[in-house]
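Single-structure report; data block below.
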Amino acid sequence: MQTDLDPDHLTQEAVAWFLRTPKSQRPRASIVEIREHFPQLGAQGACQVLRLVNLVRSGGANADG
């Protein structure tokens, strides 16, 4: 079972994509953008990506895992 501290590879890839892609290249809602680029994640996975993005941005986690 995956946890926030041990996200699967696809989730890690989506987090990295989100962090390196400027907002100007993601004009729609974040969930929509994540699901378009990573359809295998689904809505719950996209929410987990945003949760992890927020952790990284707040310094609660590092980008290296």
Side-chain angles (χ1 to χ4, degrees):
M1 183 169 131
Q2 299 294 320
T3 67
D4 280 352
L5 298 177
D6 184 25
D8 63 44
H9 178 72
L10 184 60
T11 300
Q12 292 175 16
E13 186 178 331
V15 169
W17 170 82
F18 193 91
L19 289 169
R20 74 173 175 262
T21 304
K23 176 63 179 154
S24 62
Q25 294 178 18
R26 298 181 283 105
R28 295 174 294 170
S30 297
I31 297 293
V32 173
E33 293 288 347
I34 293 167
R35 291 189 71 191
E36 179 178 300
H37 285 84
F38 301 92
Q40 311 92 315
L41 289 175
Q44 188 174 14
C47 289
Q48 181 182 15
V49 168
L50 289 180
R51 188 169 46 251
L52 292 170
V53 164
N54 287 330
L55 276 173
V56 170
R57 286 181 174 167
S58 70
N62 64 45
D64 296 330

| With sequence neighbours excluded, what pairs up with Glu13 under the salt bridge (charged side-chain N to carboxylate O under 4.0 Å, His left out) test? | none
| field | Pairs involving residues 31-43, ordered by first then second residue, that meet side-chain hydrogen bond (donor to acceptor under 3.5 Å, both in side chains) (sequence neighbours left out) | value | Arg28-Glu33, Arg28-Glu36
Side-chain donor-acceptor pairs of residues 15-22 under 3.5 Å, sequence neighbours excluded:
| unit_1 | atom_1 | unit_2 | atom_2 | d |
| --- | --- | --- | --- | --- |
| Trp17 | NE1 | Thr21 | OG1 | 3.2 |
| Thr21 | OG1 | Trp17 | O | 2.6 |

| Straight-line distance of Ile31 CD1 to Gln44 CD, nearest 0.5 Å | 11.0 Å
| query | Would Val32 end up clustered with Ile34 when hydrophobic side chains under 4.5 Å apart are linked, directly or stepwise? | reply | no
| said: So which atom in Leu41 and which in Ala46 form the shortest heavy-atom distance, rounded to 0.1 Å? | reply: CB-N, 4.2 Å
